[in-house]
Amino acid sequence: MSQTPLPPPPSTSFYSDNTSGMAPAVLEALAAANAGPAHAYGDDELTERVRARFRELFGDQATALLCWGGTGANLVGLATLVRPYEGIICPATAHVNVDECGGPERFLGSKLIDVPTTDGKLHPADVEAQLGALGDVHHVQPGAISLAQSTEYGTVYSVEELAAVCGAARRAGLRVHVDGARLANAVAALGTDVRRITTDLGVDVLTFGGTKNGIACGEAVVFLDPELATAGRFHQKQAAQLPSKTRFVAAQLDALLAEDRWLDHARHANTMAQRLATTVEGVPGVEITQAVDANAVFARLPRASVERLRTWSEFYVWQPGRGDDPCDEVRWMTSFQTTEADVDRFAAGVAAVLTG
């Protein structure tokens with residue numbers, strides 16, 4: 001029996017928001033930064049302007065250090081929070097735990113205390129369950145928590161959820177780190193001020209992502225506790241995260257932050273994910289597995305359909321089915337470059353394969 005023909009594949013990829021290119025304004029800013037000389041290692045006017053933008057966002061006490069990428073930025077931030085005998089409580093699905101090749105353990109000498117979750121979120125009970133080790137010399141001492149906002153499952157902590165888990169950490173004397181690779185998507189989803197979910201809740205340090213939101217390379221580590229910033233500069237250099245020509249990272253972030261482009265990009269990506277979820281949720285054989293809060297759609301599909309779809313338009317298999325399970329859990333990511341036509345074409349391909 002012949003297979004149902006598929007429509008032309010979408011012009012953009014649903015594999016990851018990392019597959020997107022650069023926003024036009026960012027590309028223009030990068031070219032403009034190339035004119036003339038500038039001091040190296042962040043001692044230039046453009047980098048200082050970006051630091052001022054971060055102070056406007058997070059408060060006058062905030063210090064932003066510009067890094068090459070997300071893994072390095074997380075290492076710089078976490079290095080200021082824990083000592084080698086202390087551990088970092090995080091969800092088992094956390095990027096620092098799964099996708100950074102053991103970087104935190106190697107470079108910090110600190111254990112990641114990963115806890116299972118169903119939605120990618122860390123909850124107060126998860127933190128409190130690890131506190132029995134405090135004071136026992138035979139056990140790694142919990143020293144900090146690390147949470148991602150939005151999470152690796154595309155879910156977003158509400159303000160109340162964040163307040164609860166940060167409060168649990170604070171009561172236990174633990175520091176708080178936020179992996180903000182997709183912080184823009186969370187802020188856009190919540191419709192709130194970024195300070196309300198960071199500075200106001202006592203977050204110590206966060207990473208601010210740009211690579212997934214319209215720039216070519218570069219993230220910021222933002223220290224909200226001024227006492228940590230001095231040590232952070234030395235960790236940044238040791239971790240090879242101090243760009244010599246920092247102005248080129250600064251130029252990109254400056255363009256992203258100007259005119260709230262970082263939020264506009266995130267709103268668009270979130271809207272495209274909602275459109276995709278709404279369009280495919282009625283297709284027989286598609287089961288949406290997580291709340292579509294930000295720019296990710298997680299779904300279970302019959303394994304027999306997954307490979308044909310991936311050959312047509314690539315996407316990520318998040319969790320292959322095990323044993324007799326006939327389905328795979330997949331992830332579809334949207335970005336600032338995803339169009340309505342891309343979403344509709346992709347959804348049409350899913351429907352063609354699953355109903356054909």
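Using a 4.0 Å cut-off between a side-chain N of Lys or Arg and a carboxylate O of Asp or Glu, R267 and D264 qualify as a salt bridge. Ion pairing between D44 and R247 fails under the 4.0 Å rule for side-chain N and carboxylate O. A salt bridge links E307 and R310; the closest N-O separation between the charged side-chain nitrogens and carboxylate oxygens is under 4.0 Å. Taking the charged nitrogens against the carboxylate oxygens, D200 and R195 have no contact shorter than 4.0 Å, which rules out a salt bridge. Ion pairing between a basic and an acidic side chain is recognised when a charged N comes within 4.0 Å of a carboxylate O; R55 and E48 show such pairing.
When atom types are taken as modelled, the side chain of E219 and the backbone of T211 share a donor-acceptor pair closer than 3.5 angstrom. A donor-acceptor pair under 3.5 Å is absent between the side-chain atoms of D114 and the main chain of P91, judged by distance alone. In this structure, the side chain of T155 does not engage the main chain of T151 through any donor-acceptor pair within 3.5 Å. Without hydrogens or angle criteria, R308 side chain to V353 main chain gives no donor-acceptor distance under 3.5 Å. The closest donor-acceptor contact from the side chain of E314 to the backbone of S13 lies at 3.5 Å or more, if one exists at all. At distances below 3.5 Å, not a single donor-acceptor pair connects side-chain atoms of R331 with backbone N or O atoms of S16. A distance-only check finds a donor-acceptor pair linking the side chain of Q252 to the backbone of F248 [under 3.5 Å]. Side-chain atoms of Q141 come within 3.5 Å of backbone atoms of D136 as a donor-acceptor pair (strictly under, hydrogens ignored). Checking side-chain atoms of Q241 against main-chain N and O of W68 turns up a donor-acceptor pair under 3.5 Å. Of the possible donor and acceptor atoms, one in the side chain of S110 sits under 3.5 Å from a partner among the backbone N and O of R83.
Taking CE from M22 and CD1 from I215, the interatomic distance works out to 8.0 Å, rounded to the nearest 0.5 Å. Atom CD in E259 sits 11.5 Å away from atom CG in L257 (nearest 0.5 Å). Here the CG atom belonging to N213 is positioned 11.0 Å from the NE2 atom belonging to H268, to the nearest 0.5 angstrom. Atom CG of residue L81 and atom NE2 of residue H235 lie 9.0 Å apart, to the nearest 0.5 angstrom. Atom OG1 of T207 and atom CG of D179 lie 4.0 Å apart (nearest 0.5 Å). With values rounded to the nearest 0.5 angstrom, T199 atom OG1 is found 11.5 Å from D225 atom CG.
Side chain to side chain, D342 and S11 meet the donor-acceptor criterion of an N or O pair below 3.5 Å. Side-chain contact check for E329 and T289: at least one donor-acceptor pair (N or O, by modelled atom type) lies under 3.5 Å. A donor-acceptor contact closer than 3.5 angstrom is absent between the side chains of S150 and N185. Counted by atom type alone, S20 and D17 present zero donor-acceptor pairs between their side chains at under 3.5 Å.
Contact detail for V249 and P243: the closest heavy-atom pair is CG2-CG, 4.2 Å. Nearest heavy atom pair, residue A294 against residue V156, reads CB-CG2, 4.1 Å. Of all heavy-atom pairs spanning V140 and E86, the tightest one is CG1-C, 3.7 Å. In plain terms, the two heavy atoms of T93 and G120 that are nearest each other are OG1-CA, 3.7 Å. Contact record, D328 with G321: OD1-N, 2.8 Å, taken as the closest heavy-atom pair. Across all their heavy atoms, E100 and G70 have their closest contact at OE2-O, 4.3 Å.
Side-chain contact between Q149 and L206 is absent, with no heavy atoms from C-beta onward closer than 4.5 Å. In this structure, the side chains of R233 and F223 stay at 4.5 Å or more apart for every pair of heavy atoms. Contact check for K111 versus I88: no side-chain heavy atoms found under the 4.5 Å cut-off. Within the 4.5 Å cutoff, no side-chain heavy atoms of K212 are placed close to those of S335. For the pair L253/R53, no side-chain contact is recorded, criterion being any heavy-atom separation below 4.5 Å from C-beta on. Contact annotation: the side chain of L46 approaches that of R49 to within less than 4.5 Å [non-hydrogen atoms, C-beta and beyond]. The closest side-chain heavy-atom distance from Y153 to D119 is not below 4.5 Å. P284 places none of its side-chain heavy atoms less than 4.5 Å from the side chain of L354.
Linking Ile, Leu, Val, Met, Phe, Trp and Tyr residues whenever their side-chain heavy atoms come within less than 4.5 Å leaves V292 and F298 in two separate clusters. V178 and V115 fall within the same hydrophobic cluster, where Ile, Leu, Val, Met, Phe, Trp and Tyr residues are linked whenever their side-chain heavy atoms come under 4.5 Å apart, directly or through other members. By the rule that hydrophobic residues join a cluster once side-chain heavy atoms approach within less than 4.5 Å of another member, L57 and V26 end up as members of one cluster. Under a hydrophobic clustering in which Ile, Leu, Val, Met, Phe, Trp and Tyr are joined whenever their side-chain heavy atoms come within less than 4.5 Å, directly or via other members, V194 and V159 fall into the same cluster. Taken together through direct or relayed side-chain contacts under 4.5 Å among Ile, Leu, Val, Met, Phe, Trp and Tyr, V205 and L201 form parts of separate hydrophobic clusters.
Around atom NZ of K121, more than 12 heavy atoms belonging to other residues, nucleotides or ligands sit under 6.0 Å away. For R303, the CZ atom is densely surrounded, since the number of other residues' heavy atoms within 6.0 Å is greater than 12. Crowding of E128 atom CD: a count of heavy atoms from other residues, nucleotides or ligands under 6.0 Å exceeding 12.
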| task | Take Y157 and L190 through the side-chain contact (heavy atoms from CB on, under 4.5 Å) test and state the conclusion after the steps. | result | CA-CA 9 Å; Y157 291 85; L190 293 171; over 6 Å; no

| request: Quick one: do L309 and L301 satisfy side-chain contact (heavy atoms from CB on, under 4.5 Å)? Show the steps, please. | output: CA-CA 10 Å; L309 280 169; L301 305 178; 4.1 Å; yes

| side-chain contact (heavy atoms from CB on, under 4.5 Å) evaluation trace for K237 with Y41 | CA-CA 10 Å; K237 179 63 176 180; Y41 301 111; 4.2 Å; yes

| request: In sequence, state the C-alpha distance, the side-chain angles, and the governing distance for R275 and D344, and then conclude on salt bridge (charged side-chain N to carboxylate O under 4.0 Å, His left out). | output: CA-CA 8 Å; R275 182 184 183 94; D344 296 344; 2.9 Å; yes

| message | V350 vs W332, test: side-chain contact (heavy atoms from CB on, under 4.5 Å). Steps then yes/no. | response | CA-CA 12 Å; V350 172; W332 299 323; 4.3 Å; yes

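Ring planes of F208 and F54: perpendicular class, angle over 60° (limits at 30 and 60°).
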